[in-house]
Amino acid sequence: MSTNRKSYHPFASPHDPCPPQTIKTYETPPNLYLGFQPPGLEQFPPFEALKKGTLWPALYSPYSSPYKDDKKG
Amino acid sequence: MWLYEKKLQYPVKVSTCNPKLAKFLIEQYGGADGELAAALRYLNQRYTIPDKVIGLLTDIGTEEFAHLEMIATMVYKLTKDATPEQLKEAGLGAHYANHDKALFYENAAGDPFTTTYIQAKGDPIADLYEDIAAEEKARATYQWIINMSDDPFINDALKFLREREVVHSQRFREAVEILKEEQGKKKYF
Ligand SMILES: [Fe+2]
């Protein structure tokens with residue numbers, strides 16, 4: 001399965017005014033990879049699906065602020 | 001025509017009176033990539049798109065109104081008990097001068113909603129690509145707001161809304177595949 005978050009290391013100059021962010025991230029949700037959804041995919045149980053916002057684990061994209069934790073997506 | 005269910009698509013709870021967060025959330029109410037723009041964009045495109053994907057636009061356009069209602073509820077709850085002084089501190093002084101605590105279709109910077117946010121090119125592929133982009137932009141807006149918000153209840157609902165944008169984007173991508181018609185005989189469900 002694809003990962004939800006990718007990262008890169010931008011150039012940082014010693015003369016930058018703010019302390020450099022050595023790593024920057026961006027989100028790559030599963031809809032970028034799934035293609036036309038194939039039939040017969042696994043489903044969440046109904047209550048969990050309502051809570052998560054999707055019936056399909058293959059389309060579930062958890063998110064939390066990359067500034068508040070260092071959990072990789 | 002529509003049937004209305006008198007409940008929210010997902011429950012909206014708010015932990016603290018926080019008009020500053022309301023000011024940011026307004027971006028998703030009356031901003032360029034907000035829920036109003038989304039609903040109006042999709043429902044309007046239905047008339048000039050091949051039959052096979054009209055239902056999708058109806059479904060998603062309708063759901064966007066349910067999202068709009070959730071955002072409205074958040075903004076209302078975050079501001080309803082704030083004093084004019086608190087609103088001023090939150091950068092909502094100008095809003096208060098014009099609207100008191102009424103909601104208004106505007107973005108986070110206070111620019112009023114405009115239909116120029118919405119495209120209707122009449123070319124099915126161009127319109128669906130616009131819709132995909134709109135969903136990704138709405139997803140990003142939710143990320144930026146979550147990054148600024150410390151309200152766990154609001155963030156929970158915003159994560160739900162963000163997930164819906166991911167699903168919508170997926171369905172619009174599939175709609176493009178349907179219109180391309182050369183993908184072999186793939187089944188739509
Ligand atoms: Fe959407």
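Basis for what follows: all heavy atoms, side chains included, without hydrogens, waters or symmetry-related copies. Below, chains carry the letters A, B, ... as their sequence lines are ordered, and counting in each starts from 1.
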Does a salt bridge link E136(B) with R139(B), judged by any charged N lying under 4.0 Å from a carboxylate O? yes
Charged N-O contact under 4.0 Å between E174(B) and R171(B): yes
Identified side-chain contact (heavy atoms from CB on, under 4.5 Å) counterpart of I154(B) within the set D150(B), D151(B), D156(B): D151(B)
[Y] and [X], any side-chain heavy atoms less than 4.5 Å apart:
{"X": "Y142(B)", "Y": "Y63(A)", "value": "no"}
{"X": "L128(B)", "Y": "I49(B)", "value": "yes"}
{"X": "E64(B)", "Y": "R164(B)", "value": "no"}
{"X": "R5(A)", "Y": "T28(A)", "value": "no"}

Which one, M148(B), Q143(B), E135(B), Q9(B), leads in non-hydrogen pairs under 4.5 Å with chain A? Q143(B)
Heavy-atom pair count under 4.5 Å with chain A, highest-scoring of N155(B), N147(B), V166(B), V167(B): N147(B)
Trace of the side chain to side chain donor-acceptor pair (under 3.5 Å) decision for Q170(B) with Q37(A): CA-CA 8 Å; Q170(B) 168 70 21; Q37(A) 183 173 333; 4.9 Å; no
Heavy-atom count check: over 12 atoms from other residues, nucleotides or ligands less than 6.0 Å from Y76(B) OH? no
Below 30° counts as parallel, above 60° as perpendicular, anything between as tilted: where do the rings of Y8(A) and Y26(A) land? tilted
Tell me the residues of residues 12-48 of chain B whose non-hydrogen atoms fall below 4.5 Å from those of chain A, in number order. none
Using a heavy-atom cutoff of under 4.5 Å, enumerate the residues of residues 77-115 of chain B that contact chain A, numbered in order, or state 'none'. none
